[in-house]
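Following: one structure in structure tokens, then a few remarks.
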Amino acid sequence: MKYFKYIMCVLFIFLNTNLHSQDNVAVKQLPDLGDLTRRMEFYVESEDSVSAYSFVFYKYGPTMLGMSIHCDLDSKESDKEAEVLPDDTTAVSKFQKAKRTKYKKNDYNTFLHEFSCCMKRASSEYELSELKQILFELTCFQDKSYEVAKSIIKNNNTRKPTYSEVEKAINNTSLKKDFDNILKQYDLKTSKIICGDSPIIIFRRTDLTDLGKRNYDRELGLSVLVRIRLDKLSLP
């Protein structure tokens, strides 16, 4: 019995080590966009695909550092020649034909692992303790979008929710704790979740068909732009 437990323990360590050893974080320099400079994109590659998630870091203002999280919810099975935008993770040039690599659609736990990997890689390019904000669309995380939508509908019935109600619903999910577990490695913590930069849209999955987001799997969701402000974890 002890020998069996030993074998299982070794196998578990090997599998996890092997999994992590296959993580390959790709880095792509992006053109400046208005006041946003030093833009770089980080994403995880596998043997035959790239992650649907990508993390774009940028400088704004003299010393401010920000980051946005993107998730491709469109078809991820295309392998045909197509024109792609410069921010696409497989693009070479806006005006150049590029063969699109298949996207790998990940669950939330895999996203957290990739978030950690890309933060570690980005730390060699930026001083991450200076990161001030993280931006993302809530539909990047289908489980959280679904949780928030269900909570809002339950508490507000048919009334249009306010931004503060959506912020409270997001805070009631595990998202803040999950982000903090990664951010603490860089002496950072979430200080405030803000949702005032875009309309609040509660939708059914079937509503997204015409928008091309066919890979949204949950029956219900809430769309809103989320801005997370960050603070130093410990003050000097």
Side-chain angles (χ1 to χ4, degrees), residues 42-43 51-58 60 64-74 105-119 122 128-208 211 213 215-233:
F42 301 80
Y43 55 94
S51 172
Y53 286 104
S54 67
F55 306 83
V56 176
F57 289 79
Y58 52 86
Y60 63 105
M64 299 288 192
L65 178 63
M67 187 255 282
S68 57
I69 301 172
H70 304 268
C71 180
D72 188 297
L73 287 175
D74 298 328
K105 190 170 70 172
N106 297 323
D107 59 23
Y108 181 67
N109 286 332
T110 304
F111 154 76
L112 292 174
H113 173 70
E114 293 184 356
F115 184 14
S116 179
C117 290
C118 289
M119 286 285 285
L128 292 190
S129 65
E130 300 301 322
L131 190 62
K132 302 297 184 185
Q133 67 177 16
I134 299 175
L135 300 174
F136 55 86
E137 165 59 51
L138 188 59
T139 51
C140 281
F141 317 117
Q142 296 188 32
D143 290 347
K144 304 309 171 190
S145 178
Y146 175 76
E147 287 179 47
V148 171
K150 289 284 284 186
S151 173
I152 291 295
I153 289 175
K154 178 181 178 181
N155 295 329
N156 297 285
N157 297 321
T158 58
R159 179 171 62 82
K160 183 178 179 179
T162 65
Y163 287 114
S164 61
E165 287 169 334
V166 174
E167 291 162 3
K168 181 179 179 181
I170 294 174
N171 276 304
N172 285 336
T173 72
S174 68
L175 191 143
K176 181 178 183 296
K177 181 186 71 174
D178 296 334
F179 273 50
D180 279 341
N181 284 338
I182 295 171
L183 293 168
K184 66 184 179 182
Q185 301 173 57
Y186 307 96
D187 200 28
L188 292 169
K189 65 178 180 180
T190 61
S191 64
K192 193 172 184 180
I193 292 177
I194 303 171
C195 297
D197 296 327
S198 72
I200 299 168
I201 302 173
I202 297 176
F203 59 87
R204 298 281 176 184
R205 183 173 63 85
T206 52
D207 298 335
L208 297 180
L211 300 178
K213 300 182 184 299
N215 283 286
Y216 190 93
D217 297 327
R218 303 306 297 264
E219 62 180 272
L220 188 69
L222 186 144
S223 172
V224 70
L225 183 65
V226 179
R227 181 187 303 269
I228 296 182
R229 287 183 178 169
L230 306 178
D231 278 339
K232 291 290 183 66
L233 186 60

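Bear in mind that the values here come from a model prediction, so they are computed numbers and not experimental data.
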Report the C-alpha distance between His70 and Val56 in whole Å, list the side-chain angles of each, state the deciding distance to 0.1 Å, and finish with yes or no for side-chain contact (heavy atoms from CB on, under 4.5 Å). CA-CA 8 Å; His70 304 268; Val56 176; 3.7 Å; yes

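- With Glu147 as the partner, the side chain to side chain contact (heavy atoms under 4.5 Å, CB included) test is satisfied by one option alone out of Thr173, Leu175, Leu220: Thr173.
- Across all their heavy atoms, Tyr186 and Met119 have their closest contact at OH-C, 3.5 Å.
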Take Gln133 and Arg229, measure what side-chain hydrogen bond (donor to acceptor under 3.5 Å, both in side chains) needs, and give me the verdict at the end. CA-CA 5 Å; Gln133 67 177 16; Arg229 287 183 178 169; over 6 Å; no

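- Taking CZ of Phe57 as the start and CG of Leu131 as the end, the distance is 6.0 Å to the nearest 0.5 Å.
- Closest approach of Ile69 and Cys140 over heavy atoms only: O-SG, 3.9 Å.
- Proximity of Tyr58 to Ser68: side-chain heavy atoms (C-beta onward) are separated by under 4.5 Å at one or more points.
- Ser145 and Leu138 get closest at one heavy-atom pair: CB-O, 3.7 Å.
- By the 4.5 Å heavy-atom criterion applied to side chains, Val226 and Leu135 are not counted as neighbours.
- Atom OG of Ser151 and atom OH of Tyr146 lie 12.0 Å apart (nearest 0.5 Å).
- Taking both residues in full, the closest heavy atoms of Glu114 and Ser51 are given as OE1-OG, 2.5 Å, listed atom of the first, atom of the second, then distance.
- Checked by atom type and distance alone, the side chain of Asp180 pairs as donor or acceptor with a backbone atom of Thr190 at under 3.5 Å.
- With rounding to the nearest 0.5 Å, the separation of NZ in Lys160 from CD1 in Ile200 is 6.5 Å.
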One pair to check against ring-ring contact (aromatic ring centres under 6.0 Å, His included): Phe136 and Phe179. What are the steps and the verdict? CA-CA 13 Å; Phe136 55 86; Phe179 273 50; 5.8 Å; yes

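- In this structure, Ser129 and Lys232 approach most closely via the heavy-atom pair O-CE, 2.7 Å.
- Panel note: side chain Tyr53, backbone Thr110; no donor-acceptor pair is recorded below 3.5 Å.
- A donor-acceptor distance shorter than 3.5 angstrom exists from the side chain of Ser198 to the backbone of Leu225, with no hydrogens or angles considered.
- Residue Leu230 holds its CG atom at 13.5 Å from NZ of Lys192, rounded to the nearest 0.5 Å.
- Listed for the Glu137 side chain is a donor-acceptor partner under 3.5 Å among the backbone atoms of Val224.
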I would like to know whether Tyr60 and Leu65 meet side-chain contact (heavy atoms from CB on, under 4.5 Å); could you show each step before the answer? CA-CA 6 Å; Tyr60 63 105; Leu65 178 63; 5.8 Å; no

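- Between Ile153 and Ile202, the closest heavy-atom pair is CD1-CG2, 4.1 Å.
- Salt bridge status for Lys168 with Glu165: absent, with no side-chain N to carboxylate O gap under 4.0 Å.
- Two rings, from Phe55 and Tyr43, have their centers 6.0 Å or more apart.
- Within the model, atoms CD1 of Ile228 and CG of Leu188 stand 11.5 Å from one another, a figure rounded to the nearest 0.5 Å.
- Rounding to the nearest 0.5 Å places CG of Asp178 at 12.0 Å from OG of Ser116.
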Full working for side-chain contact (heavy atoms from CB on, under 4.5 Å) between Asp197 and Arg227: CA-CA 8 Å; Asp197 296 327; Arg227 181 187 303 269; 2.7 Å; yes

In sequence, state the C-alpha distance, the side-chain angles, and the governing distance for Lys189 and Lys184, and then conclude on side-chain contact (heavy atoms from CB on, under 4.5 Å). CA-CA 6 Å; Lys189 65 178 180 180; Lys184 66 184 179 182; over 6 Å; no

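- The shortest distance between side-chain heavy atoms of Asp143 and Asp107 does not fall below 4.5 Å.
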